Asks: 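First the structure, then my questions, so here it is.
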Amino acid sequence: MTYTAENDKQYIESLKKKIDELKKEREATIIVHNYQRDEIQDIADISGDSLALSRAAIDADAKVVVFCGVQFMAESASILNPDKMVLLPVKEAGCPMADMVSKEKLCAMRDQNPDAAVVCYVNSSAEIKAESDIACTSSNAIEVVKSLKNKKVIFVPDKNLGRYVQANVPDKEIILWQGFCPTHIRVQEEEIVRAKNLHPDAKFLAHPECNPGVLKLADYICSTGGMFKFVKSSSANEFIIGTEMGMLYKLKKENPGKRFFMPTEHLICPSMKLTTLGWVAHSLEMLVYEIKVPADIANRARVTLKRMLEVTGEKTGAALTGY
Ligand code: 13P
Ligand code: SF4
């Protein structure tokens, strides 16, 4: 068959129809992170940031959860929902930042700082969550650290989010892990200055994974979910978006008439873009790739995640003891 834009459109629509049928057959729900491809956003039952998606996985009235995101997100969903089947359509979709911390090195750091609480950004493996006292996301990291009794905190793996928390919680001593997001670290201060000069009325929204110099130039620092809320309620009409460019699709769709600019070209998380409609259909058809965490790790990681949800107002029944 000769390729034409028309039959490409037909192919996409046929895949969406197939996914819809399989979803009903499997009693499945599709959960989608804000950085996913446009066509994946279109098939979402729920889309949002890491915190919203953790909660959505718990609330979902479904036997099967198809998680269109990266491994640590699907792992968290599986840990919080031991009775649901959690599928990651592309098993190689990892988060490079999550791979920057090892259990051995974290335990050594903890041994050297026995009075410190270990806070792990959700962008970490289940094994790291199991060794941590409490988890956090970019939308609640400050609240989580403020909630701790310990004065000292080991924060893994993102040094930029850790530095941002330190600036906001000066009475704590935060020991930073040297991890980073290879996508957000690319955003440069000069690019923000240039974008602001080109669009002087635009508000600059930055994800806390960006470098401190970039964050200093921001009008608002928040999670991806926070950006949607800010744009919706803002009287401004122009925004410079300091995070992955997958955000643009829904921002434009939900805010017709408002304009969005990227400071850096091709600000893409390659792992987030691995998931395609074909892989989602394959995942539902074959029930792959199921994310299962060994029980001993999952049980400890669940406490870490539930403590976070407890701090941010989600009553999960986890005992807040032990640190
Ligand atoms: P959010 O929780 O803000 O969606 O961030 C997840 C992430 O991976 C950012 O790079
Ligand atoms: Fe990980 Fe960065 Fe991709 Fe987020 S954008 S999933 S932190 S690599």
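Every number for a ligand or one of its atoms is a count from 1 in the order of the listing. Fair warning: this is a prediction, and the values are worked out from it, not measured in the lab. What you see below is based on every heavy atom in this structure, not just the backbone, and it leaves out hydrogens, waters and symmetry mates.
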Asks: Has His207 got any heavy atom lying under 4.0 angstrom from an atom of ligand 1?
Replies: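 Contact present.
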Asks: Which atoms of ligand 1 are found less than 4.0 Å from any heavy atom of Tyr35?
Replies: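 Those qualifying, in numeric order: 7 (C), 9 (C), 10 (O).
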Asks: Under a 4.0 Å heavy-atom limit, does His33 contact ligand 1 with its side chain, its backbone, both, or neither?
Replies: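 Side chain only.
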Asks: So, does Glu209 sit close enough to ligand 2 that a heavy atom of it is under 4.0 Å from the ligand?
Replies: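 The answer is yes: ligand 2 sits under 4.0 Å from a heavy atom of Glu209.
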Asks: Just by modelled atom types, is the Ala77 backbone N or O under 3.5 Å from a matching donor or acceptor in the Asn81 side chain?
Replies: yes
Asks: List every atom of ligand 1 that sits less than 4.0 Å from any heavy atom of Glu209, numbering the atoms from 1 in the order shown and giving each element.
Replies: 7 (C), 9 (C), 10 (O)
Asks: Side chains of Asp49 and Thr224: is there a donor and an acceptor less than 3.5 Å apart?
Replies: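 No donor-acceptor contact under 3.5 Å links the two side chains.
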Asks: Using a distance-only test with no angle check, is there a side-chain donor-acceptor pair under 3.5 angstrom linking Arg194 and Asn197?
Replies: no
Asks: Take atom CG in Asp171; do more than 12 heavy atoms of anything else shown fall under 6.0 Å from it?
Replies: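 Yes, because the 6.0 Å sphere around CG of Asp171 holds more than 12 heavy atoms from other groups.
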Asks: Strictly under 2.8 Å, is any N, O or S atom of Cys269 next to atom 3 (Fe) of ligand 2?
Replies: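 A backbone or side-chain N, O or S atom of Cys269 is under 2.8 Å from atom 3 (Fe) of ligand 2.
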Asks: With a 4.0 Å cut-off on heavy atoms, does Asn123 reach ligand 1?
Replies: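 Yes.
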Asks: Charged N to carboxylate O below 4.0 Å: is that the case for Lys252 and Asp38?
Replies: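 Result for this pair is no, no salt bridge flagged.
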Asks: Hey, which atoms in ligand 2 end up nearer than 4.0 Å to a heavy atom of Cys181?
Replies: 2 (Fe), 5 (S), 7 (S), 8 (S)
Asks: Pick from Glu25, Glu13, Glu285: which one makes a salt bridge (Lys or Arg N to Asp or Glu O under 4.0 Å) with Lys18?
Replies: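 Of the listed options, the one satisfying the test is Glu285.
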Asks: Using a distance-only test with no angle check, is there a side-chain donor-acceptor pair under 3.5 angstrom linking Ser47 and Lys250?
Replies: yes
Asks: Specify the closest pair of heavy atoms between Asn211 and Ile185, including all atoms of both residues, with the distance to one decimal.
Replies: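 That closest heavy-atom pairing would be ND2-O, 3.3 Å.
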Asks: For atom 1 (Fe) of ligand 2, find the nearest protein heavy atom and state the residue, atom name and distance (0.1 Å precision).
Replies: Cys95 SG, 2.4 Å
Asks: Between Ser50 and ligand 1, is there a nitrogen or oxygen pair with a distance under 3.5 Å?
Replies: yes
Asks: Taking atom NZ of Lys63 as the centre, report whether more than 12 heavy atoms of other residues, nucleotides or ligands fall under 6.0 Å from it.
Replies: no
Asks: If you take all heavy atoms of Ser132 and Thr304, which pair is closest and at what distance?
Replies: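 So the two residues come closest at O-OG1, 3.1 Å.
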Asks: State whether the shortest distance between N or O atoms of Ser138 and N or O atoms of ligand 1 falls below 3.5 angstrom.
Replies: yes
Asks: Applying a 4.0 Å heavy-atom criterion (strictly less than), which segment of Thr137 is in contact with ligand 1: side chain, backbone, both, or neither?
Replies: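 For Thr137, no heavy atom sits under 4.0 Å from ligand 1.
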Asks: Contact between ligand 1 and Met97 is defined here as a heavy atom of the residue under 4.0 Å from a ligand atom; is it met?
Replies: no
Asks: So for ligand 1, is Ser223 a polar contact partner (N or O within less than 3.5 Å, distance only)?
Replies: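 Such a contact does not occur with ligand 1.
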Asks: Under 4.0 Å from a heavy atom of Pro96: which atoms of ligand 2 are those, numbered in the order shown and with their elements?
Replies: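 So the atoms of ligand 2 that pass are 8 (S).
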Asks: So if I count the atoms of ligand 1 from 1 in the order they appear, which ones are less than 4.0 Å from some heavy atom of His184?
Replies: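 Result: 10 (O).
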